[in-house]
Engineer: 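Quick one: the structure is below, and I'll ask about it shortly.
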Amino acid sequence: MNGVTISFDKSRTYINIMLNPSEFTSEVDMREVRKQLETGETKRLYVSEKSLKSACDTANHYFKTGDGTVVQERIGERKNAEIEFRIPEDGMMANLVLTTPYGGKLPSLATVKSLAVKNRVIRGVSTKKIDAMLKAARNAAPGTVLEETIAKGLPARNGKNSKFVPLVPNALERVLRPQTNEGERVDMRNLGEVICVKVNTPVLRRTPPTQGRSGFDVKGNTLPAVEGEWVDFKMGTGTVVSDSDPNLLMSSISGMPKYRDHVMNIDDTFICNGVNVGTGHVNYEGAVLVNGDVTEKMEIKAAGDVTINGFVESAYIESGGDIIITEGAMGKVNDKQGDFQCRLVAAGSIHVQHGQGIDIQCKGNITVGRQLAYSRLRCGGAVIVGQIDKPMGNLFACDIISQDRVEAGTLGAVSGSTLKVDFSPGFNQLLERKDSLDELLRQIRENNLKHKEKIALIQTKKIPKELQRKAAEALELFNNESALLEWLENKADDVKAAKEHYQSDIKLIANKRLYPGVSAKLNNRNWRSEREYDRAQIHYDSHQWHYEPII
């Protein structure tokens, strides 16, 4: 281009342009100049668009007015890479911001690490990440901005509070965890000795709290850890702290241990070799251990666990804890009235090795060792037939209300006998709680909003001395109401989450086969098997029941 000269200064750092309007044949085109700058040594150097435009506009003005004044302007330069460190207020990380050079130099790894130290990035620096950034910068276009976290602090890990370790298992745990013989094969009949402790037996140990681990931020400051705290024993019945070890709980009576909700109780235990017309009914304010059978029309009522190492026939058993029957239970059913002659009622969970014709009601889980048929089940947990780790038992011809999964090897029977599972009652309870909370929240939100406006208005006024006490009381009441509102909102979130978990937890699982006649219900949403399926799972999602094969 005539009249256009692009050159470097003596240090070859800056780009200069000289425009001589007297040599122009036409107005200089800035785009043509830009194309020329994008070739040769100036290709990767920084060019100021503003300076270039100013020079071209001035020269073109001189050309049009016939002025031959030469325009000289510095329009670009060779720039080295730019380094910046960004550290948030908490100092737990540091980002490296690297702007790639315009024909200049890229810093070495050692230089970046040295600059990091100068910017107080001392600990947790990743050499690998810095090196990777420098490699990426070599291949990037000039002026590219790269940002990466190159240092991380270590948060302090607070110590854990003391824990409680039961030294004896609950009866139900013992039953659900069969013993292993010498060949490492599980023997379902060998359930170990019945757990009954004597006086002064260690039953619960308290572990000391941990110290935690201190941390650090990227600036090298130490973040101290908070030590765990000693948690006091929640003293249950029949226990006492050891005289020689304050972290050991001993049994003060002979009986059956029961550990629940971090409390160890030793239930005074009534032990007999069977319950029949000769022994009479059993009504005991403690645990009951029956080393024999319970015969027809007999009753057992206990405040604690009931463990029966035998068979139960058409009897009534009620427990304030768990019911464990290591053999079977069977009863007659009055088809006309729908009455079951064998009834098991527990505040905890119920385990039966096998059963037929029984009415089971409990707040916990129902576990069955082998098979359950022609029975009615009401539970607040799951129904599992077979070994806990892989249920392969049989469940058919039952009417079930459950609040968790129903799992067995085989659901239903070849005959097509009906197996009904209803998950509605527990879900409806959650809905009622949610509706009540939502209505209460709506009212309190409205009141709180009105009160907030009133308090804001009061605070803008000058309050006489005689009314300042009442204003302070009003503010305190408003703060209490706001705290209540926050607590209720958290509770509402918990109930909403519980509702979602309930829908994801309820399911039918058949680990071997699922036969026709099996149905699942959640309010007005029903599913029924009309044919035979291999291993399958029936689960609830998006307001519908879904069949899914188990592979």
Side-chain angles (χ1 to χ4, degrees), residues 1-88 94-121 125 129-151:
M1 289 180 290
N2 295 333
V4 179
T5 306
I6 297 171
S7 62
F8 281 102
D9 68 340
K10 290 182 180 179
S11 65
R12 302 195 69 77
T13 301
Y14 297 102
I15 306 171
N16 297 321
I17 190 168
M18 186 173 69
L19 301 170
N20 189 348
S22 61
E23 296 179 5
F24 288 178
T25 56
S26 62
E27 290 184 22
V28 67
D29 189 344
M30 179 179 162
R31 288 174 295 181
E32 292 297 322
V33 177
R34 199 76 182 83
K35 283 182 182 178
Q36 187 174 341
L37 288 167
E38 289 173 358
T39 60
E41 194 177 347
T42 59
K43 181 179 180 180
R44 295 184 64 85
L45 273 59
Y46 172 74
V47 174
S48 171
E49 295 288 335
K50 184 178 179 181
S51 299
L52 178 60
K53 186 176 185 302
S54 174
C56 290
D57 289 347
T58 303
N60 287 333
H61 174 71
Y62 289 162
F63 172 72
K64 286 188 286 186
T65 58
D67 189 339
T69 304
V70 176
V71 177
Q72 295 190 56
E73 188 80 40
R74 178 172 289 173
I75 60 166
E77 63 181 306
R78 192 186 303 275
K79 280 188 177 182
N80 293 332
E82 294 180 3
I83 296 288
E84 181 188 354
F85 292 92
R86 292 179 182 169
I87 307 172
N95 282 11
L96 171 61
V97 182
L98 173 62
T99 305
T100 55
Y102 288 91
K105 295 179 180 178
L106 194 66
S108 66
L109 177 62
T111 302
V112 175
K113 291 177 76 174
S114 176
L115 287 170
V117 173
K118 286 182 180 178
N119 284 270
R120 296 196 63 199
V121 181
V125 178
K129 288 191 175 181
I130 297 174
D131 192 40
M133 282 189 75
L134 293 174
K135 285 179 181 176
R138 291 189 189 100
N139 300 320
T144 303
V145 179
L146 305 174
E147 183 170 359
E148 187 73 47
T149 301
I150 53 95

Engineer: Is F85 atom CZ crowded by more than 12 heavy atoms from other residues, nucleotides or ligands, each under 6.0 Å away?
Structural biologist: yes
Engineer: Counting distance only, does the side-chain N/O of D67 pair as donor-acceptor with the main-chain N or O of T69 below 3.5 Å?
Structural biologist: yes
Engineer: Going from CD on E73 to OG1 on T58, what distance comes out if it is rounded to the nearest 0.5 angstrom?
Structural biologist: 7.5 Å
Engineer: What closest approach, in Å, do N20 and S22 show between heavy atoms, and which atom pair accounts for it?
Structural biologist: OD1-OG, 2.6 Å
Engineer: Dump the intermediate steps for side chain to side chain contact (heavy atoms under 4.5 Å, CB included) on L37 and L52, then the final yes or no.
Structural biologist: CA-CA 11 Å; L37 288 167; L52 178 60; 4.2 Å; yes
Engineer: What is the minimum heavy-atom distance between S51 and R74, and which atoms define it?
Structural biologist: CB-O, 3.7 Å
Engineer: Verify, without hydrogens or angle tests, whether N80 (side chain) and K105 (backbone) share a donor-acceptor contact under 3.5 angstrom.
Structural biologist: yes
Engineer: What is the minimum heavy-atom distance between A137 and L106, and which atoms define it?
Structural biologist: CB-CD1, 3.9 Å
Engineer: Counting only pairs under 3.5 Å, give me each side-chain donor-acceptor contact of residues 27-35, with atom names and distances, residues two or more places apart or in other chains.
Structural biologist:
unit_1, atom_1, unit_2, atom_2, d
D29, OD1, R31, N, 3.0
R34, NE, E49, OE2, 2.6
R34, NH2, E49, OE2, 3.3

Engineer: What do the steps show when you test D9 against S11 for side chain to side chain donor-acceptor pair (under 3.5 Å), and what is the final call?
Structural biologist: CA-CA 6 Å; D9 68 340; S11 65; 2.9 Å; yes
Engineer: Look up atom OG in S54 and atom CD1 in I75, then write down how far apart they are to the nearest 0.5 Å.
Structural biologist: 11.5 Å
Engineer: Short question: side chain of T99, backbone of A81 - any donor-acceptor pair under 3.5 Å?
Structural biologist: no
Engineer: What are the two closest heavy atoms between G143 and Y102, and how far apart are they?
Structural biologist: CA-OH, 3.3 Å
Engineer: Aromatic rings F63 and F24: how do their planes relate, parallel, tilted or perpendicular, breaks at 30° and 60°?
Structural biologist: tilted
Engineer: Go through E82 and E84 one step at a time and tell me if the side chain to side chain contact (heavy atoms under 4.5 Å, CB included) criterion holds.
Structural biologist: CA-CA 7 Å; E82 294 180 3; E84 181 188 354; over 6 Å; no
Engineer: State whether the side chain of T144 and the backbone N or O of T100 hold a donor-acceptor pair below 3.5 Å, judged by distance alone.
Structural biologist: no
Engineer: Might you point out which heavy atoms bring F8 and I15 nearest each other, and give the distance in Å?
Structural biologist: CE2-CG1, 4.0 Å
Engineer: I need the I6 CD1 to T42 OG1 distance, nearest 0.5 Å.
Structural biologist: 6.5 Å
Engineer: To the nearest 0.5 angstrom, please state how far the CG atom of L96 sits from the CG atom of L134.
Structural biologist: 7.5 Å
Engineer: Taking atom CD of E41 and atom CZ of R78, what is their separation to the nearest 0.5 Å?
Structural biologist: 5.0 Å
Engineer: Does any part of the side chain of E148, heavy atoms only, come nearer than 4.5 Å to the side chain of L146, both counted from C-beta?
Structural biologist: no
Engineer: Looking at I150 and M133, what are the two nearest heavy atoms and their distance?
Structural biologist: CG2-SD, 4.0 Å
Engineer: How long is the straight-line distance from OG of S114 back to CD1 of I83, given to the nearest 0.5 Å?
Structural biologist: 11.5 Å
Engineer: Could you check whether atom NZ of K113 has more than 12 heavy atoms from other residues, nucleotides or ligands sitting under 6.0 Å from it?
Structural biologist: no
